[in-house]
Participant: 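Sharing a structure with you now.
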Amino acid sequence: MDKCLLLMMIFAPLLAAVVVLLLGSNQLVRIRQVSLAAALLSLLCALHVAWHYQSATGRTAEEPFASDPAFEIRVPWLSYLPSPSGAPSPSIEFHLGVDGLSLWLIVLTALLMVSAVLISWKSIQTNPSGYYALLMLLASGMLGVFCALDIVLFYIFFEFTLLPLFFLIGLWGGPQKRYAARKFFLYTLAGSLVTLVGLVAIVLSLVGQGQPMTFSLPELARQVAIQPLPGELQQWIFLALFAGLAIKVPLFPFHTWLPLAHVEAPTAGSVLLAGVLLKLGTYGFLRLCIPMVPLASVQIGLPLVGVLATVGILYGSFCALAQTDIKKMVAYSSVAHLGFCMLGLFALNAEGMSGALLQMVNHGLSTGLLFLLVGMIYDRYHTRQMTALGGLNQRMPILGLIMMFTCLSSIGLPGLNGFVGEFLCLSGMFARHPIYAVWGTLGIILGAWYLLTFVMKCFHGPLKEPHVAEGAIIPDMDRRELSATLPLVALCLWIGLYPKPFLDRMKPEMEALSQRIKQAQKVQVYR
Amino acid sequence: MGKQAELLAMIGVVPVLASVLTAALGPRVLKHRSHWPTLAALGYALVLSIAMLFSMSEGSSYTAGFEWLNMGRMDIPVRLVADPLTAIMLVTVHAVALLVAIFSVGYMHDDPGYARYFSVFSLFVFCMVMLVMANNFLMLFIFWEGVGLCSYLLIGFWYQKPAAAAAARKAFLVNRIGDFGLLIAVFLIWTQFGTLNFAEVFRQLDYRYLAEGKPFDGAIVVGERMLTHAQIVGWPLLTICICLMLGAMGKSAQFPLHVWLPDAMEGPTPASALIHAATMVTAGVYLVARCTPIFIHAPQAQALLAVVGAVTALVAALIALTQNDLKRIMAYSTVSQLGYMFMALGSAAGNPNLATFAVIAAIFHLFTHAFFKALLFLGCGSVMHAMGGVIDLRRIGGLKKLMPWTHLTFAIGAAGLAGIPPLAGFWSKDEILVSLNQASHGSPYGLLFTLILGIAILTAFLTAFYTGRAYFLAFWGPERIPEEAGHHAHESGRWMLIPLFGLAAGTVLVGILFGTPTHLFEHFLTQSESLPKFQAVHGSGMIVLVSILAAGGGAGLAAIFYQLRPELPSRMAQAAWRFYDYSSHRFYLDEILGLILVRPLKGLAAFIQLFDLHVVDGLVDWVGQVPGYLGQWFRPVQNGLLQFYALASLLGLAVFVIVLLAKF
Amino acid sequence: MSQAILPNYLIVGAILFGLGAIGFLSRRNLILMFLSAEMMLQGVALNLVGFGGHHKNYQGQAFVIFMLTVAACEAALALALILVLFRNRKTLDVSVWQDLREANQDPVQDESPLLLEPEMTPMHFPRLTPAGLRPDQAASPEEAATRG
Amino acid sequence: MQGVYEWMIEASRWVRPEMLLLLAGSGYFLAAVFVSAKSRSWAIASLLIVLLAAIWLPSGDADFATPASFFRHDSFSHFLRGLGLGLGAALILLSWDRIPDRCAAEYFGCLLLIIAGVNLVSAANDLIALFLALELVSIPTYVLLYLLRADDAAQEATLKYFFLSVFSAALLLYGLSFLYGATGSTNLEVLRGAVRQWLEQESTSASSTLPPTLLIAMIMIVAALGFRVTAAPFHFYAPDVYQGAPLLPVTLLSLIPKVAGFAGLYQIVSATLLIPGADAAASPLAASASGLFWIVALVSMFMGNLMGLWQDDLKRLLAYSGIAHAGYMIVGLGTGCSSGMIVEGLAGLFFYLIVYSAMTLGVFAILIALQSRDRTVVNVDDLAGLSKSHPILAVVMACFLFCLMGLPPTAGFLAKLNLFLAAWNTEQRLYRVLALVMAVNAAIGAWYYLRVVGVMFLRDAVKPLSVRVTWPAWIVILLCLFIVFWLFFQPNTTWTWMEAITQRR
């Protein structure tokens, strides 16, 4: 039963996509129900996995991660001829599993899917079957990335997510949707193809060193630990991986597709884009770069990412400050927040990396929430201009409250989720390289600046609404919208108030990874 | 131990329960009874904290606590600790909070956000007590931001008012600058000491080692590095102290980060009384006092602290001279008094033996200030409530007869602030002056502290003067009542008067009961384990005399100016027109900050936005077009001529042949 | 065949092949181009025959036979095709066929016209004398035309 | 030595299906003079004949090759003949009702001959047979190109294809003549033995005495067959011819010559370069050839993709796409030149060839299905609004295009992945660079495929398409779709097969 859980979680949305397509666009109610049911089923599976997940003990630098065997699925998929040494036939596998690195991201994805379905409930009227089918496909892809433990399978899911999102943006997006969709697609695709070369290089360089060929990520991590790749090769591989992942994250200066895609995407698209898809990049760094090429991560990753992430934090914040379009502001704030995330990741110690992972979840929650709420505002007023809105707190107190909450969570107020992540990221980086951390910390001032300015302009002060139809009273959040947001709010609070259960489940992996880095550095010194 | 632990836990838990309860039930169920959970909780917590105070002789107490965050070397439990310093803070907070809460019942009674108010109020008390009970820097930081949040929420309580919304944002942002410093300090402490626990850090910095000039036996293991004592005590400690100080400056509204506090008066007056006068703004003072063992090792930082305090005290007092808004005067006065406390805290620079006395002086002033400043604010609130929200001294006056009780208590508070003996302010201010006087003798910074002492005395004089001015203008002279007052123009009700009486009693009594006459406060506070060994400092008669003279002089001058010879002030103002102008415009500090900080940053933001759009994105687009250009470049090859195609193929072939044959 | 002769075959073959290639590239008359290509094939044939002699087996010659067959086949097709093309454009110049090219490219203009521009004047075809007439009695073609 | 008769029997023993096709094709030409039948009848007959040929196809289990035989049959030819017949059947289905009755017999006859030709290329065991088979593909193709339409464009296309094809045939023959000259035999098995012997001598003697004739032969053959597979710089005709000729012949042109060309290249390469047991590094010829393929692959990929960016004409676009894909496949060929790998470049090449056939056929099938008398689909923009008028077709088309891009979950991804793995596995720095170049090119290529997707989905038609897709077209389209996905989800069988066929020789 447990073995099938991951399968069910990933393929329930896929099945729903097919069903929805078969239903056709006329049966709007059915379509929504099926999609919601699939999303909920996925979420239930994810929660079940999270609940029964056994945190591994005794992770070592040699074996920094491996799936909880209770949930692992491994089926050969594409086998290559056996190596001359007579080892078993190496094959690309359909290898799913869950470990401390992916657990919370899986839960986050499943949770955000439910919200995404709910938020699209009314705002999508044109061709709903296509829309929901794509949404469901996207869910499958995203869950697949986090569950994949085979390097090729990982990449397959990684790439696959591009397709549904391309159509979601291109078909249901704003006025510039075609440009946005194309840019998003091509930019990220171009990067990730280079990443593919890097992945191939990892696998085959190990074969070149006489290791048996394998595509399994845990297996590769172990091989790399036993016999690290030569330093120069590591650097090349790092750069190749960096090309795709940095665009996906997006790190400054590779971020320009993001504001465009965010602004043009429909609300659910923005939510998932910010909430999950950007995490694919950071997750890729965590899953691929750090364990496979630890030395290059220290040698070039740290200075490169350190500088870019720091610049990104400040740069993103300043850009957000200059925006009058709310969605664009949130989009730029993502650049800043992911800067924190990357800063923590490349602190390369347990604190920083766990902070980064937690920050991924946090960003997913709070930026996801922000996009949901902005979407609600847009649904009501059909504008996202700060200048056109004001004092909405009086019209919609609940929305105002949740927006306030979300902004506070996003600016890293202690007691809410953002703080724990940012704190761990920055403290990790501070221990590694204080200068980056100090500059990064400046970001918390700027973050408060633009978000509170937004709250002040739109929710405080005298009421100012753009023209709405005669006699229409703009309603506050209804039950559907509340059920889309409240679970996220609750999770924000939980992580903020008591992060330990979240951190505990990633701890063995994180400490093993940091151990791995230390080991790599040591080997370097002795060489 | 166990009993104390329970006490501590209860003190922490009770207000938050009240807050949650009010938030959950307030709008629907409790409505106009929303204050009861808060009052009950605060009352209960006050009793508990007094019990705690009395059990303090058993030594510091801890709760067991639970793991909150544990990752890598970062290990942060939620664990409460109480030592005398905490106990005093707890009692102060709870006492003032309870009285202010009672006042609020009357003051806020028909506000639509009644429940919201009390919910945030309780939340604030929770954060504040947790702040003082935290046993490590991270917990402290968390609740440090927590009180900031509550402050933000209460300043922006009437969010419909643009001014309130702007003030709230300003408060939060300016505080964030301070928090930035504090956060850096936390990181530095963590990397330097490998722990964030107060006791652990202080143990590593034990004063004895420094006094004896010995290095630690062994070295401190910080991360992978081994640091010797000398390495820690050098610039890292100085940086830590300056960063801590930055944090304290933000929260305690020290120059130049004080700009948020006067604006914060947009919030409800009782909230101002509690948060922006008595408790939250003193968190910075508490932080520095708590970190005395660190500051001792960085005399430069302490001197800087004193300088900042002195500048703040003087500037704020000068601004307060000419303000017409009663609450604003009080706000500047708060800033000024906080500057006083900073001066005191800094007075131990280069003179470690004075440290404990300096802390005692500062905390004592904090203690007394809480009473009389809360009293003054509530008095303002009472006036405001009666005057229909108008508090401009040019429009009200002669309220003596209309509001006798308010007048009386306000007078007591004003006298306390001015430092008229034997009220509380006199004793605490005296101790600070003594401490400064001591610092000006026999420390490396003697000359500096002589100057600061002068500033302190001048400030004392100015304080007495502007307090007197406010008092006389509001309560004496011909009766002036603005039309907004309407039917409210009468003495406040019981709910509002009782706290006034309570605080007035406190103002009268705490100085005599705990101050120099009895030394109770001193004795109690010296039990703190983290403070260095106490060395009694005896005040000189000279200082007392100067202090009394300054207070009396200032008050007397005010009486002359605003009661006996009302035409004098305007003549003075004309004579010193430029100064008057500067002062009444708060020395244009907001404008200057806006000009050198806010506007450049906004300009930068606009520039970066354009840069992003045109340069970064333009570059990306350009790179995206490169393949297209290259393709364009190749296109003429496909010119449609058959023979050209054949020729090109043949040329390609020839190249292959040549290249490959050349290889052999 | 002795060793020494093979290079001669190869050289002549290469020359033929090269000449053919050059002709293919430089001739603009479709028929001449095709003949040039045929000439390349003759070069190959010479090569094959030479090698066959060198290796003392018949495979080279067999190859040549097959090759010639194919060449004949192609020639038939070529002539048919060229006929169609000529009908369409009234010229055998290959460079008139450049409509299919990369969009927005200018057509390549001839600087010099084709040297052997086919005369488009009416041609005089010889006529066989009809049966039963003496050659001198046969009418001249012009007369025949006027007679209808 | 056998008698001529036995020799002929021996030679024809393995090619019965092809003989059937040839006979049928020739029969058509003859019958057309006397019989006037509907186009559909010819199509049905052709389909039946192809099916019969497929049934007759000997199984690929055993290797019947004997050194002397003119033709041979092994798992490689079994696979490629199957592919050829499959493509033939698909082409017949696509032509179902689209051929005017007047030239139907000639059309289907030529088609059958071409199928026979492509099969014989892979069955040939002799240079002469190889050459003849290749010509058997070419010559009917010339006819097909202007059989259906006799306008200027079609004539020009035919002219260009014909002349350049003849030119390339000359190059091929020149190369083959040197191959024969260097080894003394036209039989591929004998040739292989000779090269092997020479290599053994080579390894014992110190000096490198590679006859330059072999190298020239290699280059000439690569050039000539590069023309068939549209590899740069021998690709020039492709865009013009594709643009000018009618859709059906273009479909054929984009598939059949590629299959035949790669089969021929593999035949030559496997005979002269892939010597089992010989160390790749020890063979200077293999090193030169892989260098040659490196350049050809690089230029093809860049030429195809960079030029593809500018195309509006769909057929021209697909021509450039074909050039680029030829480049990818040549990467596989080049990596295949060094032996001892786990992931065979050659297996990757043939895997890619299947996927390429499926996806290209799919795209062309949809284009053919969309043509109607009053509304032709010529330019990319003509596809606008396809998602509204033919939603399913648009989605299927998008699948093919994503497959061409190489995105998961389509077989295009695995095909590219295998080539990546192969390219990296050669341990040659140059080929690693090529892997990177492939990645870059895949990204560039994505641009113009995506443009088509974008036009189909994100733009509305000026004049919507209203054509009904016929069932034979649906069969082909869905079959291609099935292959495109099936090879992604169940690649193992096919991949193992591909590895097997390339290991056999």
Side-chain angles (χ1 to χ4, degrees), chain A residues 183 186-187 252-257 259-260 315 317-323 349-352 354-355 391 393-394 408 413-415 419-420 423-424 426-428 430-431 434 437-438 441-442 444-446 448-449 452-453 455-456 459-463 498-500 503-504 507 510-511 514 518, chain B residues 66-74 78 127 138-139 141-146 148-149 152-153 156 159-162 164-166 168-169 172-173 175-177 179-180 183-184 186-188 190-191 222-224 601-602 604-613 615-621 624:
Chain A
K183 188 163 191 168
L186 290 173
Y187 201 177
F252 170 86
F254 308 109
H255 64 275
T256 48
W257 62 270
L260 194 66
Y315 186 91
S317 302
F318 274 118
C319 279
L321 193 56
Q323 302 306 324
N349 47 27
E351 297 85 11
S354 59
N393 238 357
Q394 294 160 54
L408 290 174
L413 190 86
F419 173 73
V420 188
F423 176 77
L424 280 172
L426 289 171
S427 59
F430 203 93
V438 170
T441 313
L442 275 176
I444 66 166
I445 303 176
L446 297 172
W449 190 356
L452 291 184
T453 305
V455 170
M456 183 184 83
F459 284 86
H460 294 167
L463 183 64
Y498 191 49
K500 190 168 151 40
L503 289 170
D504 274 355
K507 194 170 172 183
M510 289 301 171
E511 286 176 349
S514 95
K518 273 183 207 153
Chain B
F66 56 92
E67 289 251 297
W68 185 71
L69 187 159
N70 182 1
M71 178 58 71
R73 301 191 308 278
M74 184 75 76
V78 173
C127 291
L138 186 63
M139 279 292 132
F141 180 78
I142 287 173
F143 291 104
W144 180 271
E145 290 256 307
L149 168 71
Y152 171 77
L153 293 176
Y159 53 78
Q160 299 90 333
K161 261 169 51 183
R169 183 186 65 141
F172 200 98
L173 287 183
N175 265 306
R176 272 262 152 158
I177 298 176
D179 297 344
F180 165 73
L183 201 54
I184 298 291
V186 170
F187 292 147
L188 259 175
W190 181 61
T191 47
V222 178
E224 292 108 58
L601 287 181
K602 277 192 175 165
L604 186 63
F607 168 75
I608 285 182
Q609 164 65 11
L610 287 178
F611 180 80
D612 192 54
L613 222 59
V615 178
V616 180
D617 198 28
L619 214 62
V620 170
D621 281 348

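Atom set for the values below is all heavy atoms of this structure, side chains included, hydrogens, waters and symmetry mates excluded.
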Participant: Chain A heavy atoms under 4.5 Å from Ile142(B): which part of the residue, side chain, backbone, both or neither?
Facilitator: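 Contact with chain A involves both backbone and side-chain atoms of Ile142(B).
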
Participant: Of the listed residues (Leu610(B), Val186(B), Asp179(B), Asp621(B)), which shares the most heavy-atom pairs with chain A below a 4.5 Å separation?
Facilitator: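 Ranked by contacts with chain A, first place is Asp621(B).
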
Participant: What part of Phe419(A) gets closer than 4.5 Å to chain B, counting heavy atoms only: side chain, backbone, both or neither?
Facilitator: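 Interface part for Phe419(A): side chain.
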
Participant: Verify, without hydrogens or angle tests, whether Gln609(B) (side chain) and Gln323(A) (backbone) share a donor-acceptor contact under 3.5 angstrom.
Facilitator: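 Checked: no pair found.
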
Participant: Please classify the contact of Phe459(A) with chain B as side chain, backbone, both or neither, using a heavy-atom distance under 4.5 Å.
Facilitator: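 Phe459(A) touches chain B through backbone heavy atoms alone.
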
Participant: Answer whether the closest heavy-atom distance between the side chains of Leu413(A) and Tyr152(B) falls below 4.5 Å.
Facilitator: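 They are not in contact (no side-chain heavy atoms under 4.5 Å apart), so the answer is no.
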
Participant: Could you grab the distance from atom CE of Met456(A) to atom CZ of Phe172(B), nearest 0.5 Å is fine?
Facilitator: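 Output value for this atom pair is 14.0 Å.
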
Participant: Rounded at 0.5 Å granularity, tell me how far CG in Leu188(B) sits from OG in Ser427(A).
Facilitator: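 One finds 12.0 Å between CG of Leu188(B) and OG of Ser427(A).
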
Participant: Could you walk me through whether Trp449(A) and Arg169(B) satisfy the side chain to side chain contact (heavy atoms under 4.5 Å, CB included) test, starting with their C-alpha distance in whole Å, then the side-chain angles of each, then the deciding distance to 0.1 Å, before giving a yes or no?
Facilitator: CA-CA 8 Å; Trp449(A) 190 356; Arg169(B) 183 186 65 141; 3.8 Å; yes

Participant: Side chains of Leu69(B) and Leu424(A): does their closest heavy-atom pair fall under 4.5 Å?
Facilitator: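 Side chain of Leu69(B) against side chain of Leu424(A), heavy atoms only: contact under 4.5 Å found.
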
Participant: First locate atom NZ of Lys602(B), then atom OG1 of Thr453(A), and finally report the distance between them rounded to the nearest 0.5 Å.
Facilitator: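 These two atoms lie 7.0 Å from each other.
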
Participant: Looking at Ala350(A) and Met71(B), what are the two nearest heavy atoms and their distance?
Facilitator: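 So the two residues come closest at O-CG, 3.7 Å.
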
Participant: Assess whether side chain to side chain contact (heavy atoms under 4.5 Å, CB included) is satisfied between Phe66(B) and Lys500(A), documenting all intermediate values.
Facilitator: CA-CA 10 Å; Phe66(B) 56 92; Lys500(A) 190 168 151 40; over 6 Å; no

Participant: Contact part of Glu511(A) toward chain B, heavy-atom cut-off under 4.5 Å: side chain, backbone, both or neither?
Facilitator: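 Contact with chain B: side chain only.
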
Participant: Roughly how far, to the nearest 0.5 Å, is CZ of Phe611(B) from CZ of Phe318(A)?
Facilitator: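 Output value for this atom pair is 13.5 Å.
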
Participant: Between chain A and each of Leu183(B), Leu138(B), Leu613(B), Asn175(B), count heavy-atom pairs under 4.5 Å; write down the option with the most.
Facilitator: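 Looking at each option in turn, the highest pair count goes to Leu138(B).
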
Participant: Tell me, side chain or backbone of Ala166(B) under 4.5 Å from chain A's heavy atoms, or both, or neither?
Facilitator: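 Both parts, heavy atoms under 4.5 Å.
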
Participant: Which atoms of Asn393(A) are under 4.5 Å from chain B, going by heavy atoms: the side chain, the backbone, both sets, or neither?
Facilitator: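 Looking at Asn393(A), backbone and side chain both touch chain B.
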
Participant: I'd like to know which of Ala322(A), Ser514(A), Ala437(A), Gly415(A) tops the heavy-atom pair count under 4.5 Å against chain B.
Facilitator: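 Maximum pair count with chain B is reached by Ala322(A).
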
Participant: Give, for atom CG of Leu153(B) and atom CG of Leu408(A), the distance between the pair rounded to the nearest 0.5 Å.
Facilitator: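 Atom-to-atom, Leu153(B):CG and Leu408(A):CG are 7.0 Å apart.
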
Participant: Excluding sequence neighbours, so at least two apart, what forms side chain to side chain contact (heavy atoms under 4.5 Å, CB included) with Ile445(A)?
Facilitator: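 For Ile445(A), the residues satisfying side chain to side chain contact (heavy atoms under 4.5 Å, CB included) (neighbours in sequence not counted) are Leu442(A), Arg176(B), Ile177(B), Phe180(B).
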
Participant: Under the rule for salt bridge (Lys or Arg N to Asp or Glu O under 4.0 Å), what residues qualify as partners of Lys507(A), not counting sequence neighbours?
Facilitator: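 Counting only residues at least two positions away or on another chain, Lys507(A) forms no salt bridge (Lys or Arg N to Asp or Glu O under 4.0 Å).
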
Participant: Between OG1 of Thr441(A) and CD1 of Ile184(B), what distance do you get to the nearest 0.5 Å?
Facilitator: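 Atom-to-atom, Thr441(A):OG1 and Ile184(B):CD1 are 4.0 Å apart.
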
Participant: Side chains of Pro414(A) and Phe141(B): does their closest heavy-atom pair fall under 4.5 Å?
Facilitator: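 Yes, at least one pair of side-chain atoms sits under 4.5 Å.
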
Participant: Checking heavy atoms, do the side chain of Val616(B), its backbone, both or neither come under 4.5 Å from chain A?
Facilitator: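 Both parts, heavy atoms under 4.5 Å.
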
Participant: Before you tell me yes or no, could you show the steps for Val620(B) and Lys183(A) under side chain to side chain contact (heavy atoms under 4.5 Å, CB included), namely the whole-Å CA-CA distance, both residues' side-chain angles and the distance that decides it to 0.1 Å?
Facilitator: CA-CA 10 Å; Val620(B) 170; Lys183(A) 188 163 191 168; 4.2 Å; yes

Participant: For chain B, which of Ser354(A), Pro434(A), Ala320(A), Gly391(A) has the most heavy-atom pairs under 4.5 Å?
Facilitator: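 Heavy-atom pairs under 4.5 Å are most numerous for Ser354(A).
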
Participant: Against chain A, label Leu619(B) side chain, backbone, both or neither, depending on which of its atoms sit under 4.5 Å from a heavy atom there.
Facilitator: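 For Leu619(B), neither part sits under 4.5 Å from chain A.
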
Participant: If you compare all heavy atoms of Cys319(A) against all heavy atoms of Ile608(B), which two are closest, and at what distance to 0.1 Å?
Facilitator: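 Between these two residues, the closest heavy atoms are SG-CG2, 3.5 Å.
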
Participant: With side chain to side chain contact (heavy atoms under 4.5 Å, CB included) as the criterion, how do Asp612(B) and His255(A) come out once you've worked through the C-alpha distance, each side chain's angles and the decisive distance to 0.1 Å?
Facilitator: CA-CA 9 Å; Asp612(B) 192 54; His255(A) 64 275; 2.6 Å; yes

